[in-house]
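Everything below concerns the one structure shown next.
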Amino acid sequence: MTTGNLPATPRHEAVEALLARSHRLGADPRNTNYAGGNTSAQGTVTDPVTGQDLELLWVKGSGGDLGTLRPDGLAALRLDRLRALTAVYPGVEREDEMVAAFDYCLHGRGGAAPSIDTAMHGLVDAAHVDHLHPDSGIALACSADGAALTAECFGDRVVWVPWRRPGFQLGLDIAAVKEANPQAIGCILGGHGITAWGDTGEECERNSLHLIRTAETFLAERGRPEPFGAVLKGFEPLPAEERRARAAALAPTVRALASADRPQVGHFTDSPEVLDFLSRAAHPRLAALGTSCPDHFLRTKVRPLVLDLPAAAPQAEAVARLQELHAEYRAEYRAYYERHAGPGSPPMRGADPAIVLIPGVGMFSYGRDKQTARVAGEFYVNAVNVMRGAEAVSSYAPIGEAEKFRIEYWELEEAKLRRMPPPKPLAGRIALITGAGSGIGRATAERLAAEGACVGVADRDPERARETAAALGGPDRAVAIPMDVTSEEQVRAAFDTALLAFGGVDLVVNNAGISLSRPLTETTAADWDLQHGIMARGSFLVSREAARVMTTQGLGGDIVYIASKNGVFAGPNNVAYGAAKADQAHQVRLLAAELGAHGIRVNGVNPDGVVRGSGIFAGGWGAERAAVYGVPEDELGAFYAQRTLLKREVLPEHVAAAVFALTGGELTRTTGMHIPVDAGVAAAFLR
């Protein structure tokens, strides 16, 4: 008897064409929103077991994004088995059971989990299907007289399908529409989006784009001007610089409100669409109606929190009113949950808003991480566009509250949440690190980002800050912040940048430093002032601003000082540096005592001999210390290692590990402490 391996299955040409089509459609936000919609293609393969031809359906799986879709984001299903499910379909009241049945239709291993929309792709009699969420299509889908408008816009080429929750029955409905209307190229799904089809991928894509662009033109030509009504006096956008300063000032308060149940990362936008919407008379009515298609309100909750004060209202008045509105929002959301929850409903996930709208200023959006927060904001902009289109030709009429609840607390959505990997230790936390362009600061930024934090990379050298931030993964993970820590104005501006980028600040690392090695008699007042200005004054300014933000947020926080062994050890020829580091060390103790009542922990790290990658050592300190100890500069790290108890060189990542140890969640009852990271210097033992 002979045995052998089954041959590897080559990538099917239908898959390649489907990926290319998906990328083209997903690259244009007019076609669909992020992670919204799905595409499919059918094709014939050889069954590796029987050697017979087998008809497959490849369809974008649950949770993927069309613009970045990869082969492993597709689910591959046998068409014969998928279509055979119609014989065992138990009816609309039990259709959620059909999602588990899709697993028995899968072909081979790997790939994505089939999404709830799989049925519309497999049951419709077309080889290629696109289901998309374009603003123009949803505007018709969410108009009060959407059926009549669809007929007026498209004639009989596009058919209206009344609202039905996504699922197996919707797939059957669309299949019936296609069969009864052979002239049709697609349909408008009431309260939801669009679906188009074709015998080839090219025809399907062409039909999708025709549907989207025709709807856009119809709304533009048929729509009335100023669909959101007249401008409200006092609600006009503030000048750009003023509104961003106001947004930064309000950000800690707004984040506190959005994080009452659990800490959230924020995103701010003052896009023209948002500012115009908030300046118009209709915005309170429309915002109260909530968002439209399921993808929208799953990201944004059923409705936003809207500040009902003019743009120029005093900040204290705005803060007080936001707090009142937040209490009302939470009570209303709990009442919404209790009105619709049944015995089998998932528990309430939280009653805080995901979208907060500030007239004249812009929109804050929130999520478990920066990408989720940013995408939530993008979805609300989509919702504004939908409202504008619907109000231009009719009136905005999203699906009812009960249906929204059925989607928001759908067991299938709950299952999707359960499939998500557990959060990293620093997920939801926002760090600002000074001197983060090189050495210890860069290593700390890398470690904290790897552990899930968003990072503000602050450095006096803007180019090094940009390089570090880019290496960490770009603006959803890190932003570059030019900052001279000796300048009060630049420190305040740096925090404002972090607030507008991520919504807040939870973790600050005072790492910026400089050193000049001089005997006492050769140390000038300028040497003294320079080093104390950066390390003592700079740390004070940064910590003061951090305390202002953190106390307003009410979420606690961490401040970590990268001090030095030299703060406790009397080394030769470094009186200015050692005294500045001793100042930092005592700031740790003073601030720990003062800020503990706010849940803010203040700790320090005392490194020594961190030569490799160090900006301080590369800037002349290394040569000066090497001269003091009488060793070649390139052997300074090894020299420092040999004088330690462990005989090991200290690297920037070792210091970064100590910062993470202090902030990663295991030392929650520790404050006012210094951790030596010096490989063991007995003379610097803390007493």
Side-chain angles (χ1 to χ4, degrees), residues 248-249 251-253 255-256 259 263 315-316 319 323 426 429-435 444 448 453 456 458 483 485-496 498-499 503-513 531-564 566-568 578-607 658-676 686-687:
T253 294
R255 185 175 181 228
S259 301
Q315 182 173 331
V319 167
Q323 291 169 339
L426 295 180
R429 303 200 71 196
I430 301 154
L432 189 150
I433 305 168
T434 68
T444 301
L448 299 189
M483 177 174 65
V485 297
T486 67
S487 164
E488 291 187 73
E489 293 75 17
Q490 290 194 37
V491 169
R492 190 172 299 113
F495 274 83
D496 285 355
L499 290 168
V505 176
D506 307 299
L507 194 168
V508 164
V509 182
N510 279 311
N511 170 72
Q531 293 178 88
H532 279 72
I534 293 173
M535 291 177 288
R537 172 188 165 90
S539 294
F540 153 69
L541 293 176
V542 170
S543 296
R544 185 179 67 179
E545 201 64 29
R548 288 171 174 167
V549 171
M550 292 176 186
T551 53
T552 303
Q553 289 176 156
L555 301 174
D558 282 286
I559 301 175
V560 180
Y561 281 66
I562 306 300
S564 171
N566 289 292
V568 293
K581 287 298 181 182
D583 186 309
Q584 285 186 309
H586 199 47
Q587 284 188 38
V588 167
R589 293 184 281 269
L590 292 166
L591 299 189
E594 181 175 341
L595 300 177
H598 300 284
I600 300 169
R601 303 179 316 116
V602 187
N603 292 289
V605 179
N606 287 350
V659 175
F660 173 65
L662 287 167
T663 60
E666 296 298 322
L667 298 178
T668 59
R669 302 298 186 269
T670 298
T671 192
M673 182 180 76
H674 283 271
I675 297 179
L686 298 173
R687 295 176 177 84

**Message:** Using the rule given for side-chain contact (heavy atoms from CB on, under 4.5 Å), can you reason through Phe540 versus Val485, listing the C-alpha separation, both sets of side-chain angles and the distance that settles it, and then say yes or no?
**Reply:** CA-CA 9 Å; Phe540 153 69; Val485 297; over 6 Å; no

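- Electrostatic pairing of Arg589 and Glu594 does not count as a salt bridge here, judged by no charged N lying under 4.0 Å from a carboxylate O.
- When the side chain to side chain donor-acceptor pair (under 3.5 Å) test is applied to Gln323, no partner is found at least two apart in sequence or on another chain.
- Looking at residues two or more places apart in sequence or on another chain, you find a side chain to side chain donor-acceptor pair (under 3.5 Å) between Ser539 and Gln584.
- Minimum heavy-atom separation, Ala512 to Thr434: N-OG1, 2.8 Å.
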Side-chain donor-acceptor pairs under 3.5 Å in residues 553-560, sequence neighbours left out?
unit_1: Gln553; atom_1: OE1; unit_2: Arg255; atom_2: NH1; d: 3.0
unit_1: Gln553; atom_1: OE1; unit_2: Val505; atom_2: N; d: 3.1
unit_1: Gln553; atom_1: NE2; unit_2: Val505; atom_2: O; d: 2.9
unit_1: Asp558; atom_1: OD1; unit_2: Arg601; atom_2: NE; d: 3.2
unit_1: Asp558; atom_1: OD1; unit_2: Arg601; atom_2: NH2; d: 2.7
unit_1: Asp558; atom_1: OD2; unit_2: Arg429; atom_2: NH1; d: 3.0
unit_1: Asp558; atom_1: OD2; unit_2: Arg429; atom_2: NH2; d: 3.0

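- Taking each heavy atom of Ala661 and Leu667 in turn, the nearest pair found is O-CD1, 3.4 Å.
- One distance of note links CG of Leu590 with NE2 of His586; it measures 4.0 Å at 0.5 Å rounding.
- In terms of heavy atoms, Leu426 sits closest to Thr663 at CD2-O, 3.4 Å.
- Using modelled atom types, one finds no donor on one side chain facing an acceptor on the other under 3.5 Å when comparing Thr671 with Asn603.
- A distance-only check finds no donor-acceptor pair linking the side chain of Asn606 to the backbone of Ile675 [under 3.5 Å].
- Side-chain atoms of Arg537 never come within 3.5 Å of backbone atoms of His532 as a donor-acceptor pair (strictly under, hydrogens ignored).
- Residues Val605 and His674 come closest through the heavy atom pair N-ND1, 4.2 Å.
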### Query
Can Met673 and Leu662 be said to form a side-chain contact (heavy atoms from CB on, under 4.5 Å), step by step?
CA-CA 9 Å; Met673 182 180 76; Leu662 287 167; 3.7 Å; yes

Review point. Could you go step by step and tell me if Ile562 and Asn510 meet the side-chain contact (heavy atoms from CB on, under 4.5 Å) rule?
Key: CA-CA 6 Å; Ile562 306 300; Asn510 279 311; over 6 Å; no

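- Two residues are said to be in side-chain contact when any heavy atoms from C-beta on lie closer than 4.5 Å; Leu507 and Ile430 fail this criterion.
- Note that the CD atom of Gln490 and the CG atom of Leu541 stand 11.0 Å from one another [nearest 0.5 Å].
- Closest heavy-atom contact between Ala458 and Leu432: CB-CD2, 4.3 Å.
- Every residue meeting the side chain to side chain donor-acceptor pair (under 3.5 Å) condition with Gln587, not counting sequence neighbours, appears here in chain and number order: Tyr561, Asp583.
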| said: What verdict does the side-chain contact (heavy atoms from CB on, under 4.5 Å) test give for Met535 and Lys581, after you've listed the backbone C-alpha separation in whole Å, the side-chain angles of each residue and the deciding distance to 0.1 Å? | reply: CA-CA 7 Å; Met535 291 177 288; Lys581 287 298 181 182; 3.4 Å; yes

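- Residues meeting the salt bridge (Lys or Arg N to Asp or Glu O under 4.0 Å) test with Arg548, sequence neighbours left out: Glu545.
- Counting all heavy atoms, side chain and backbone alike, Thr444 lies closest to Val509 at CG2-CG2, 4.3 Å.
- Judged as a side chain to side chain donor-acceptor pair (under 3.5 Å), and not counting sequence neighbours, the contacts of Ser564 are Asn566.
- Using a 4.5 Å heavy-atom cutoff, the side chains of Pro252 and Leu499 are in contact.
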